[in-house]
Amino acid sequence: MNIEQLTAWVTALVPDQKPGVSKQFAECIVPAGQLHQLCKDLRDNRNTQMDYLFCETAVDRKDGFHMVYHMKSTILQHTLVIRVILTDKINPEVVSVSDLWHGAEFFEREIFDLFGIRFTNHPDLRRLFLEEDWVGYPLRKDYKDSFTLER
Amino acid sequence: MEETLLDIDLKDREEYIINMGPQHPSTHGVLRFETCLQGEMVKYIIPHCGYIHRGIEKMSESLSYPQLVHLTDRMDYLSAHMNNEAVALCVEKAMEVEVTDRVKYIRTILAELSRIASHQLWWSAFGMDLGALTTFFYGLRDRERILDIFEETTGTRLIQTFITPGGLMNDVHPNFQKRVREFVTYFRKKLPEYNQLLTGNVIFQERTKGIGYMSKEVAISYGVTGPSGRGSGFHCDIRKLAPYSAYPFVKFNEITATEGDTFARYWVRMQEMSESLDIIDQLVDNIPQGDYMLALKAIKAPKGEFYHSVETARGELGVFIVSDGGPNPARIKYRTPNFSNLFVINKIAAGHKIADLVAISGSLDLVIPDIDR
Amino acid sequence: MYDFAPFIDSYTSYLNAHFSPFWAGLISMVSLGVALLLFYAVLGLYLVYAERKVCAQMQNRMGPNRVGPMGLFQTIADLIKLLLKELIYIRNADSFLFNIAPFIVIVASIMAIGSIPFARGLQAVDLNIGVLYILAISSMGVIGVLIAGWASNSKYSVIGAMRSGAQVISYELSVGLALLCAITFAGSMQLSEIIASQQDGWWIFKGHIPAFVAFVIYLIAGTAETNRGPFDLAEAESELTAGFHTEYSGIKFAFFFLAEYMNMFVIAALATTLFLGGWLPFHLYNFTAFNTVMDYIPPVFWFFGKTAFVIYVMMWFKWTFPRLRIDQLLALEWKYLLPISLLNLLLISFLTLMQWHF
Amino acid sequence: MALLTTFREVGTYFREIYSGVASLVRGMRVTGGYFVRPQTVTQRYPENRKELKMFDNFKGELILVHDEQNHHKCNVCNTCMRKCPNGSIEVISKKIEGADGRSKKVLDKYIYHLDMCTFCGICVSVCDEHALKFDQEFEHAVFDRSKLVKQLNLPGSISQKEANNE
């Protein structure tokens, strides 16, 4: 499917989606509550078959944390970006997709470690890189420590 | 899995836990496998990483695009050229510029050379992991010739910082083509030796065949890419799926195997070496003339988000840039191949013997700084 | 020619003439012990050196080349370093067993060389059950390995020691059966008699194919018994860091290290004695001129030359092959080597019975 | 029939042994070949110091190019300092009175932190005056970290521009 078809497909599943900024891939901004169901539909439907989540990351923007899911179908060779905006910057929380894609489990642990976003239903939500007693979440924009090279 | 290993009541006294790493001869870098054993059998493995976490993504937020390139060398240091290329291509895509054909050719040749060099080092270390100590020296002996080519052109051997947004740091050395051609003939002769020494060896085949089976579904679900994924029949070669640089100009095959075991992953890498030689062969004589660097006023990505992936020696390296239009990225995310390749280890190594765990982790070809970043 | 017996006899008669029988016995024993220990240390060090040079050459390297001409004194320097190093004591380790283990290993290998005939008349004790003695003594080393692994209180060591136990117990069978072939041919377990029986030709040539098969099996099983690559599972570097001697340091580690090389020497020396004619020179059938020339080379050179060749082959194995896994190691013994050597022994008994060997 | 199968099994058993041994011998031929015909590729390093020649582009350490008259080309534009990703370059300028009576900015100290340098080569490529270069020196080991902080402008050196004005 091309970009328009994919966007239309997501619109059919999640009517209140908003188009994203990417010109490269089809991109949809969806409400956090509908994320898991949408991902499950996208993965399991014959027409989309998004079986490969190749990148999952978070971005700290002014309006909240953006969760960005890059997913791809290895059979149909189309790529879709799903974006969730978490407006709560103190205690961001989103549902985990690690039951759909195994690889997501570790992407999510990394995001939890560096952004402090909690994933519900995650099987093993521990810090991945930093020590358990590390204070703060380094990739947040408001994170300050004495080592960061400022210019 | 909420409980950590220390909490588990070892009622069954036959179970015990050993640490493979962070300082252990078979983990090539600082990675720790918390391995639960029952006799010689591995029950489960919990990988612990972060020993070499340097916060490259955070550092990159305060650096301009040409500056942050040099940090990517330090992720997967064995595919330094490919890492640089990934950032360069992503920035070029954002800026909507295209480099000259000369740059594309040179980038591709360098990338393929470093793919061979990386596979050579992997082959050496893999043999060592299995106890064949001589492979290490043969692999390094041949890799040295590639590093000499790199050193002559880029000035450094391992971490080059040569490919930069807009082109290359400097033009290639006049001897470059001659030396590359020499290397291709030399290595074509040496490659059969590798097979005689290790591939055909009955002990080696017994040690690798049928060990660490990874199905295609598992590979896709965990996102295992590169030769490790292709050993399971996962067609994930970015060079074929979305050709970049000079790959559209050359003919080559995507090497895949369907067995999904350690030997399949080994075999794919061995074939890739000769495939890379073919790619270099097609390119090295036809490097077009042109500038090695585009005359760009300022290297700034426009506001927006950009993703580009390249095929490194270990799989798909994706660069995700979020830009606010300034000279620095607002956020840069590296989707590194080893990160995804690592975590499949519990799935495929549990139930095997401890010696197989070494073979399996060797066949995944992990470079630890690439996991931790 | 080149008989050491008169020399040794004159030494003992000198002692007997000047000392009381008790003192004469004591002095001859002490001098023998000192000689063997010196021989042991020098040979051990130079085997290490030889191994390093051999593997270096196979790997396109130079090997030791700093200390002394061509690095000849490198291993001596290493020994001095190991002597000066701190002996690390492990908390919670069983210190008595931990300390005694290296001695068991090294004593076993020292005792084994006592009955090896180096040349005519140059043999400390010529037991009438020489082969059995060497076999029994050299397999005592594994007890030291097991103790070392257990007493270290380290998981790597325990796994290594257990592997070593399983390995030595299985491969002891093949070693024994392969040696039994030569014993069947010679009809004696006394090493001097086995050599004497090869006066007209070495058993590897005289015994047709079965003797050769027995020799190859002995070589493989012997390599396995010394815990050397490709059978070095007990110390599998990439899996168990250093296996049973992970926790040892300094001179105690050196004991393990030396014992490994001396065990290799014992295995090679036994192979030489039983299959390759010991210190006997190489003779071509009825080619008198050639045989006379060969006779002029002293038996000591013949013995050490043949042993060096066998040791070289064992090194060649180590630096070429990948390591086996524990189940494959046992499968190799029980599924391949043992049935073949049993069959082989049957054939050899038949050959001997029919007097079909040359 | 059963006998035939047994024979076939026995045949496979021995064929396995044969092919296994053959593969081992093939490997031993490679290592044995190198033993017989040694091809040493390693070098005796400190001894071959004299013959050891690095490649022209080799990035050993950063130097400020000086000519025979002890003139360098730095005009204190600070580009290298700004472009260095690790902050390993410090350009310290001073104001002097020129020949025409106007005060000018000239180089006082060019400090290079070798311990922080990652040899990315950006400083050399951004310098419009070609004042910087990488040297062939590669033996950097020292016992004291502070020795890795180097002043690149030689004592008493002045920039070419200055020299021309005088």
Side-chain angles (χ1 to χ4, degrees), chain B residues 59-60 62-64 66-71 73-74 84 127 132-135 137-138 140-142 144-145 148-162 164 167-176 179 190 192-206 293, chain D residues 15-35 37-43 52-62 79-89 116-127 130 132-138:
Chain B
M59 267 194 265
S60 299
S62 58
L63 295 176
S64 70
Q67 288 175 335
L68 64 85
V69 166
H70 87 288
L71 293 172
D73 291 316
R74 279 128 182 112
N84 295 346
L133 300 158
T134 302
T135 59
F137 294 94
Y138 291 176
L140 286 192
R141 173 195 69 195
D142 301 337
E144 206 66 6
R145 302 207 169 211
D148 278 348
I149 298 173
F150 286 166
E151 192 182 344
E152 192 172 41
T153 288
T154 70
T156 42
R157 298 172 79 76
L158 191 68
I159 34 179
Q160 287 99 353
T161 327
F162 187 63
T164 176
L168 310 168
M169 287 299 274
N170 48 271
D171 208 349
V172 290
H173 197 270
N175 284 346
F176 180 72
R179 271 176 170 274
K190 289 288 178 191
E193 203 171 78
Y194 286 25
N195 291 328
Q196 283 164 14
L197 189 65
L198 203 61
T199 316
N201 189 304
V202 63
I203 304 175
F204 175 76
Q205 298 216 345
E206 289 283 315
M293 185 75 188
Chain D
R15 209 169 310 124
E16 253 174 41
I17 294 175
Y18 173 75
S19 64
V21 171
S23 76
L24 297 180
V25 169
R26 230 173 291 133
M28 282 170 76
R29 216 163 50 203
V30 176
T31 44
Y34 281 114
F35 183 76
R37 291 181 299 279
Q39 301 174 358
T40 310
V41 291
T42 47
Q43 300 167 357
L52 200 64
K53 171 105 178 52
M54 305 315 272
F55 292 109
D56 301 336
N57 285 351
F58 180 72
K59 293 181 196 164
E61 64 174 325
L62 193 67
T79 311
C80 47
M81 184 159 85
R82 275 185 281 114
K83 295 282 177 173
C84 178
N86 319 299
S88 43
I89 295 172
M116 291 205 277
C117 181
T118 50
F119 302 95
C120 63
I122 291 177
C123 46
V124 177
S125 67
V126 296
C127 186
H130 302 288
L132 293 166
K133 212 184 104 186
F134 274 110
D135 194 16
Q136 314 275 302
E137 177 63 37
F138 60 91

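The figures here come from the full heavy-atom set of this structure, side chains too, leaving out hydrogens, waters and symmetry mates. Here is the naming used below: chain letters follow the sequence lines, and residue numbers restart at 1 for every chain. Note that the structure is a prediction, hence the values are computed from the model and not measured.
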B:Lys190 NZ: over 12 foreign heavy atoms closer than 6.0 Å: yes
Largest heavy-atom contact set with chain B, pairs under 4.5 Å, which of D:Gly60, D:Ala22, D:Gly20: D:Gly20
Portion of B:Thr153 that has a non-hydrogen atom of chain D nearer than 4.5 angstrom: backbone
Distance, nearest 0.5 Å, that separates NE2 of B:His173 from CZ of B:Phe150: 15.5 Å
Best-contacting candidate, B:His70, B:Gln205, B:Gln196, against chain D by heavy atom pairs under 4.5 angstrom: B:His70
B:Arg157 atom CZ, over 12 foreign heavy atoms within 6.0 Å: yes
Portion of B:Thr164 that has a non-hydrogen atom of chain D nearer than 4.5 angstrom: neither
Chain B interface, residue from D:Asp56, D:Val124, D:Thr31 that has the most non-hydrogen pairs under 4.5 Å: D:Thr31
Test item: B:Asn201 side-chain N/O and B:Ile203 main-chain N/O as donor-acceptor pair under 3.5 Å: yes
Lys/Arg cation over aromatic B:Tyr138: B:Arg141, 6.0 Å, 45° cone: yes
Side chain, backbone, both or neither of D:Phe134 within contact of chain B (heavy atoms, under 4.5 Å): neither
Pair D:Lys59 + D:Asp135: basic N to acidic O under 4.0 Å: no
Heavy-atom donor-acceptor pair, B:Thr154 side chain to B:Thr156 backbone, under 3.5 Å: yes
Option in B:Asp73, B:Leu71, B:Asp148 with maximal non-hydrogen atom pairs under 4.5 Å from chain D: B:Asp148
Residue D:Gln136 versus chain B: region with a heavy atom under 4.5 Å: neither
Side chain / backbone / both / neither for D:Val30 at chain B, heavy atoms under 4.5 Å: both
Heavy-atom contact with chain D under 4.5 Å, split by part of B:Gln160: backbone
Flag for B:Asn175-B:Glu152: side-chain donor and acceptor within less than 3.5 Å: yes
Contacting moiety of D:Ser125, where chain B heavy atoms sit under 4.5 Å: side chain
